[in-house]
Amino acid sequence: LKDDSAGLLAEMLRQNYTLTTLVVNKNQFSCVAAKALSSALLGNDSLTELDLSWNKIRGKGAEALGKMLAVNTGLINLNVGFNGLDGIGTAAFIKAIKTNDHIVNLNLINTRFAGSQCKELAKSLASNTTLKILKMGNNPLKEADLEILQSGLAASSLHILGLEDIPMGRGLYERLTKFEKEHGIVIHYGNSGGNQRKRPMTALTLVLDEFITTNIGKLVPILFAKDKEKTGRLTVEEFKDGLKEAGLRLHQNELNRLVDKLNIKDSVPCKEILSGKVPLMLEKLRYPQNSS
């Protein structure tokens with residue numbers, strides 16, 4: 001798809017209030033398309049997931065998307081990774097993070113996010129109360145930038161921060177892993193001192209890991225509603241039913257095996273799940289030395 005298709009998509013978004021997911025990655029969309037889609041989404045609160053990754057969105061188009069996100073009340077998952085958003089675009093997304101109270105999962109991988117913007121990003125993260133997953137990998141950030149970014153993490157709502165393909169020394173890696181334990185946040189690394197700590201997950205836990213990452217905004221309210229007694233725990237059956245209602249497509253025997261893999265016995269620790277911390281359960285399976 002090229003920019004001339006974006007006008008039709010924008011018109012559809014203005015008139016359609018049933019579509020919840022739009023995936024238009026790996027196309028030829030540039031600033032023209034980004035502006036058209038942003039304008040349409042200003043008044044659309046039904047679309048909850050938008051994937052614009054691997055396009056050609058730059059500068060003013062990226063700025064339009066950021067300004068849209070600042071006021072949009074529908075989007076939960078937004079992927080603009082692998083677009084050269086440039087400084088003006090990433091600055092708009094930083095401001096959006098500060099004001100948006102709906103976004104849960106934001107992908108800014110390889111968007112030319114500058115290290116000089118980490119201070120403002122840290123401030124925005126400290127103000128946001130809904131963002132659970134932020135992917136920042138493959139951006140030109142230095143160790144000093146990451147240390148500045150860390151200053152806003154403790155007060156943020158984040159549970160997962162992606163820093164893949166951002167090199168760092170052993171010293172910073174060890175400080176960040178200590179920070180993970182102290183603040184209940186999971187940081188994903190790559191090309192750093194932490195390369196050796198990961199071990200493969202089973203196929204089922206990989207499926208659940210990906211499902212939670214992309215559907216956390218839908219999963220949390222479903223599980224919250226099932227905790228009718230507000231005990232902070234769910235039965236195993238309530239947990240499995242909640243996963244199915246949120247859209248996890250697994251057979252019953254696969255769900256049973258998944259529960260076994262998560263080491264769930266009589267009941268599920270609902271408080272972790274309802275606060276968006278389900279991935280931490282998987283993280284303990286991946287990195288058991290971190291769970292002590």
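Just so it is clear, the structure is predicted and the values come from calculations on it, not from any experiment.
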Margin query: Please say yes or no: joined through hydrophobic side-chain contacts below 4.5 Å, possibly via intermediate residues, are V32 and M68 part of one cluster?
Written below: no
Checklist line | Polar contact flag, side-chain donor to acceptor under 3.5 angstrom, D3-S5 | finding: no
Next item on the list: Please report the shortest heavy-atom distance between S157 and K132, naming the atom on each side.
Entry: O-CD, 3.5 Å
Item checked: D227 side-chain N/O to A225 backbone N/O, donor-acceptor pair under 3.5 Å -> no
Item checked: Note, W54 side chain near N83 side chain (heavy atom, < 4.5 Å) -> no
Next item on the list: Indicate yes or no for a side-chain donor-acceptor contact from N128 to the backbone of N100 under 3.5 Å, with no hydrogens or angles considered.
Entry: yes
Notebook entry, point to check: L75 pairs by side-chain contact (heavy atoms from CB on, under 4.5 Å) with which of T73, N72, N77?
Noted result: N72
Check: Is there side-chain contact between N25 and N27, with at least one heavy-atom pair below 4.5 Å?
Finding: no
Check: Within the side chain of N79, is there an N or O that forms a donor-acceptor pair under 3.5 Å with the backbone of G81?
Finding: yes
Next item on the list: Keeping the roles fixed (side chain from S124, backbone from I97), state whether a donor-acceptor pair exists under 3.5 Å.
Entry: no
Check: Can you name the nearest heavy-atom pair linking L141 to F113, along with the distance?
Finding: CD2-O, 3.6 Å
Item checked: Atom pair CG (L158) and CD1 (I185), whose distance is rounded to the nearest 0.5 Å -> 5.0 Å
Check: From L19 CG over to N44 CG, what is the distance, rounded to the nearest 0.5 angstrom?
Finding: 8.0 Å
Check: Are L47 and L41 side-chain neighbours, meaning at least one heavy-atom pair lies under 4.5 Å?
Finding: yes
Next item on the list: Measure up the Y173 and Y189 rings against each other and bin them: parallel (under 30°), tilted (30 to 60°), perpendicular (over 60°).
Entry: perpendicular
Next item on the list: Tell me whether V24 is reachable from L8 by hopping between hydrophobic residues (I, L, V, M, F, W, Y) whose side-chain heavy atoms are closer than 4.5 Å.
Entry: no
Notebook entry, point to check: So, does E143 use its side chain to make a donor-acceptor pair with the main chain of G169 at under 3.5 Å?
Noted result: yes
Next item on the list: Assess whether side-chain contact (heavy atoms from CB on, under 4.5 Å) is satisfied between L42 and V71, documenting all intermediate values.
Entry: CA-CA 7 Å; L42 287 173; V71 298; 3.6 Å; yes
Next item on the list: Test E254 against R257 for salt bridge (charged side-chain N to carboxylate O under 4.0 Å, His left out), laying out the working first.
Entry: CA-CA 5 Å; E254 291 175 318; R257 285 162 50 203; 5.0 Å; no
Next item on the list: Please tell me if the side chains of L176 and Q150 come closer than 4.5 Å, counting only heavy atoms from C-beta onward.
Entry: yes
Notebook entry, point to check: Charged N to carboxylate O under 4.0 angstrom, K67 versus E63?
Noted result: yes
Note to self: Using modelled atom types and a 3.5 Å cut-off, is there a donor and acceptor pairing between side-chain atoms of N139 and backbone atoms of R112?
What the structure shows: yes
Item checked: D165 side chain to N138 backbone, donor-acceptor under 3.5 Å -> no
Next item on the list: Could you point out which residue of N16, L13, D51 forms a side-chain contact (heavy atoms from CB on, under 4.5 Å) with L22?
Entry: L13
Checklist line | Electrostatic pair R175:E147 at N-O distance under 4.0 angstrom | finding: yes
Next item on the list: Nearest 0.5 Å please: distance from the OG atom of S116 over to the CG atom of D145.
Entry: 7.5 Å
Notebook entry, point to check: Are N256 and K240 close enough that a side-chain donor and a side-chain acceptor fall under 3.5 Å?
Noted result: yes
Margin query: Counting C-beta onward and ignoring hydrogens, is there a side-chain heavy-atom pair between S267 and T235 closer than 4.5 Å?
Written below: no
Notebook entry, point to check: Do L172 and L146 pass the side-chain contact (heavy atoms from CB on, under 4.5 Å) test, and can you show the C-alpha distance, the side-chain angles, and the key distance before you say yes or no?
Noted result: CA-CA 9 Å; L172 177 58; L146 297 178; 4.0 Å; yes
Notebook entry, point to check: L121 and M136: side-chain contact (heavy atoms from CB on, under 4.5 Å), yes or no, with the steps?
Noted result: CA-CA 11 Å; L121 176 59; M136 293 284 296; 3.8 Å; yes
Next item on the list: Quickly, which of K181, E174, E180, E182 forms a side-chain contact (heavy atoms from CB on, under 4.5 Å) with K178? Name it, please.
Entry: E182
Margin query: Within the 4.5 Å heavy-atom criterion, are K56 and Q28 side-chain neighbours or not?
Written below: yes
Checklist line | Nearest heavy atoms of L125 and L153, plus distance in Å | finding: CD1-CD2, 4.0 Å
Check: Can Y17 be reached from L9 by stepping across I, L, V, M, F, W or Y side chains whose heavy atoms are under 4.5 Å apart?
Finding: no
Next item on the list: Output the distance between atom CG (L69) and atom CZ (F93), rounded to the nearest 0.5 Å.
Entry: 6.0 Å
Margin query: I need the I94 CD1 to K123 NZ distance, nearest 0.5 Å.
Written below: 11.0 Å
Margin query: Does L161 form a side-chain contact (heavy atoms from CB on, under 4.5 Å) with H188? I'd like the steps, not just the answer.
Written below: CA-CA 6 Å; L161 174 63; H188 293 167; over 6 Å; no
Item checked: Approximate separation, where rounding is to 0.5 Å, of D260 CG and L255 CG -> 11.0 Å
Note to self: Grouping I, L, V, M, F, W and Y whenever their side-chain heavy atoms are under 4.5 Å apart, do L106 and I109 come out in a common cluster?
What the structure shows: no
Check: Do the charged groups of E164 and K135 touch, with an N to O distance under 4.0 Å?
Finding: no
Check: Can you name the closest pair of heavy atoms from L37 and L52 and give their distance?
Finding: CD1-CD2, 3.9 Å
Item checked: Test item: Q117 side-chain N/O and G87 main-chain N/O as donor-acceptor pair under 3.5 Å -> yes
Check: Would you say S39's side chain and K35's backbone share a donor-acceptor pair under 3.5 angstrom?
Finding: no
Note to self: Taking G84's backbone N and O only, do any of them form a donor-acceptor pair with T111's side chain (distance below 3.5 Å, no angle check)?
What the structure shows: no
Note to self: Minimum heavy-atom separation for A122 and L149, please, with both atom names.
What the structure shows: CB-O, 4.0 Å
Notebook entry, point to check: Is the shortest heavy-atom distance from the side chain of V80 to the side chain of I57 under 4.5 Å?
Noted result: no
Next item on the list: Search all heavy atoms of E238 against all heavy atoms of K226 and return the closest pair with its distance.
Entry: O-CD, 3.3 Å
Next item on the list: Would you mind reporting whether F82 and N107 have side-chain heavy atoms less than 4.5 Å apart?
Entry: no
Check: Can you get from L131 to L50 by hopping between Ile, Leu, Val, Met, Phe, Trp and Tyr side chains that sit under 4.5 Å apart?
Finding: yes
